[in-house]
Amino acid sequence: MGFLDKVKQIDEYAWEIPADAREGMRVPGIVFADREILEKADADNALQQVANVACLPGIVRASMAMPDIHWGYGFPIGGVAATLAEEGVISPGGVGYDISCGVRLVLTSLGWEEAKEKLPELLDMLNASVPKGLGTKGRIHLERREVERLMADGAPELVARGIGWEEDLEAMEERGRYPGADPSKVSERAFARGKDQVGTLGSGNHFLEIQVVEETRPPAEKLGLFEGQLVVMVHSGSRGLGHQICTDYIDVMGASIKKYGYSLPDRQLVCAPVESREGRDYLAAMACAANFAMCNREAITHWIRECFEKVFRAGARSLGMHVLYDVSHNLAKMEEHVVDGKRLTLMVHRKGATRAFPGSRPEVPDKYAETGQPVIIPGDMGSHSYVLVGTEEALEKSFGSTCHGAGRTMSRKAAKKQVRGEELKRRLEGMGILVRAAQLSGLAEEAPEAYKDVRAVVQICEGAGLSRRVARMRPVAVMKG
DNA sequence: ATGTTC
């Protein structure tokens, strides 16, 4: 606490923590927020974390945070930090425990009016088809070598096995294959935790939701979105695999920190040079988790399509079940950016922040060259979700990044104490939202009141120019671990 | 987020 008096307002939605706010800061902090969010972030010690991250070796321009900022391990959730690829560091805490946690949106050509009668049947079938909850095993059983291939080669390998469609790859970052993955850098323990978890939802804030598109604006039509449309949102990550990889490399880098002579304000910021044995090994393992997470969401998509085919008695292709896009909001990526007029190769850490590139970037699929990259923003259970698109302004202001969701405002523990799962389920059903939860206590942790207002978060991102709203969806059915 | 304190 106590950073608020040092913060300077830059414009309506941007605040600067000057580089002299604490010892060791190499760059300022920039937080995209309104006053209310800023004050909460300070009370949460998250502003302090923004300032801490500004001390990382090789960080450029600023340590940033999106309006869904809240306290996290070392780095704030909602944080963006770019370090020089040659002289800077990579830090597992800047990616997070759930490596490549992300969201995808599966479209349909169905209108809500024609589909709503089938909703309970559909939800029950999805509930029976997609494994969920803590410690869950999946339906795909693979030999060790096969899992290694998924980690090394990503979603194309899964598609080659008949799970998912070839065209889905165009709707995934890196075409479903994060480069540089090396399964030999993944520990046996990480391997053991992840190997049976391909195609599982998980728990916590991970969910599968059926939603109805409520309001659209251009270029919605170009993205295949229309008002009244039934869509499916999937939020999941790399499960036990990513968690263990993060744990392993926090240990590895904790042991090597002295060797590199870094003095950091928080032990949780452990890191190693991008160009070091430890840094390269982490990135090779992180890439495995990224590929695993994309395969996870792709396998879940496969079962979603199967359920729709059974319930609507039509092929998934004729039901228009294309993937709009699959975003990862916990990842570090090597990207080129212009900083102070110089083109630099940077390691961009996004932790609870989403890449939001304009169509001009080579990373964006050709089909989105005109519209910009779709960004999928889940709200909390009782509220809306959004489709945004990336902007040129985001590239200039935030290394092409925007928010990732509403952001917690209450700890899981506090939410559990305050909300009863049974009551919440009834409340949501009273709002016309069907609920299937593996555990009612898990539902309570994710209660709407434990989150910020996603509308405000998205509005700030748009107001700051970091992305533009294209569609708003309301949930009609939610499935949680 | 997470075989929820190996």
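The analysis underlying the following values was restricted to heavy atoms, covering all of them including side chains, and did not include hydrogens, waters or symmetry mates. First the proteins, then the strands, lettered A, B, ... as listed; each starts at 1.
With A:Ser328 contributing its side chain and A:Leu331 its backbone, the two residues share no donor-acceptor pair below 3.5 Å. Judged purely by atom type and a 3.5 angstrom limit, A:Arg239 has no side-chain atom pairing as donor or acceptor with the backbone of A:Leu241. Between the side chain of A:His322 and the backbone N or O of A:Leu107 there is no donor-acceptor pair closer than 3.5 Å.
Residues satisfying the ring-ring contact (aromatic ring centres under 6.0 Å, His included) test with A:Tyr451, not counting sequence neighbours, are none. The side chain to side chain contact (heavy atoms under 4.5 Å, CB included) test applied to A:Pro265 returns A:Arg22, A:Asn52, A:Cys55, A:Leu269, not counting sequence neighbours. For A:Glu36, there are no side chain to side chain donor-acceptor pair (under 3.5 Å) partners two or more places apart in sequence or in a different chain. Every residue was checked against the ring-ring contact (aromatic ring centres under 6.0 Å, His included) condition with A:Tyr178, not counting sequence neighbours, and none meets it. Applying the side chain to side chain contact (heavy atoms under 4.5 Å, CB included) criterion to A:Ile77, with sequence neighbours excluded, gives A:His70, A:Lys351, A:His404.
Taking atom NE2 of residue A:His206 and atom C1' of nucleotide B:dT2, one finds them 10 Å apart after rounding to whole Å. As rounded to whole Å, 10 Å separates atom C1' of B:dG3 from atom CD of A:Gln244. For A:Lys480 and B:dT2, the NZ to P distance is 11 Å, given to the nearest whole Å. Summarising the geometry, the separation between CG on A:Leu134 and P on B:dG3 is reported as 5 Å, rounded to the nearest angstrom. To the nearest angstrom, C1' of B:dT2 lies 17 Å from NZ of A:Lys413. Note: NE2 (A:His243) to C1' (B:dC6) measures 12 Å, nearest angstrom. As rounded to whole Å, 11 Å separates atom P of B:dT2 from atom CG of A:Asn330. The CG atom of A:Asp98 sits 15 Å away from the P atom of B:dT4 (whole-angstrom rounding).
Residue pairs that meet the side chain to side chain donor-acceptor pair (under 3.5 Å) test with at least one member in residues 142-157 of chain A, sequence neighbours left out, are A:Arg144-A:Glu148, A:Arg144-A:Glu188, A:Glu146-A:Arg161, A:Arg149-A:Glu157, A:Asp153-A:Arg177. Within the structure, no pair that satisfies the salt bridge (charged side-chain N to carboxylate O under 4.0 Å, His left out) test touches residues 48-72 of chain A, not counting sequence neighbours. Pairs passing the ring pair (Phe, Tyr, Trp, His ring centres under 6.0 Å) check and including a residue from residues 268-304 of chain A, sequence neighbours excluded, read A:Tyr249-A:Tyr282.
Ring geometry, A:Tyr97 versus A:His243: the interplanar angle falls from 30° to 60°, so the pair is classed tilted.
Contacts between residues 141-150 of chain A and DNA chain B, counted as heavy-atom distances below 4.0 Å, involve no residue at all. Near DNA chain B, defined here as any heavy-atom distance below 4.0 Å, the residues from residues 438-451 of chain A are A:Glu446, listed numerically. Less than 4.0 Å separates DNA chain B from no heavy atom of any residue of residues 64-74 of chain A. The stretch residues 189-201 of chain A touches DNA chain B through A:Arg189, A:Arg193, A:Gln197, each having a heavy atom within less than 4.0 Å of the strand.
Using a 4.0 Å cut-off between a side-chain N of Lys or Arg and a carboxylate O of Asp or Glu, A:Glu449 and A:Arg427 qualify as a salt bridge. Remark: A:Asp168 does not engage A:Arg297 in a salt bridge, criterion side-chain N to carboxylate O under 4.0 Å.
Note on A:Gly237: nothing from the nucleic acid sits closer than 4.0 angstrom, heavy atoms only.
Within the structure, every side-chain polar atom (N or O) of A:Ser203 is placed at least 4.0 Å from both OP1 and OP2 of B:dT4.
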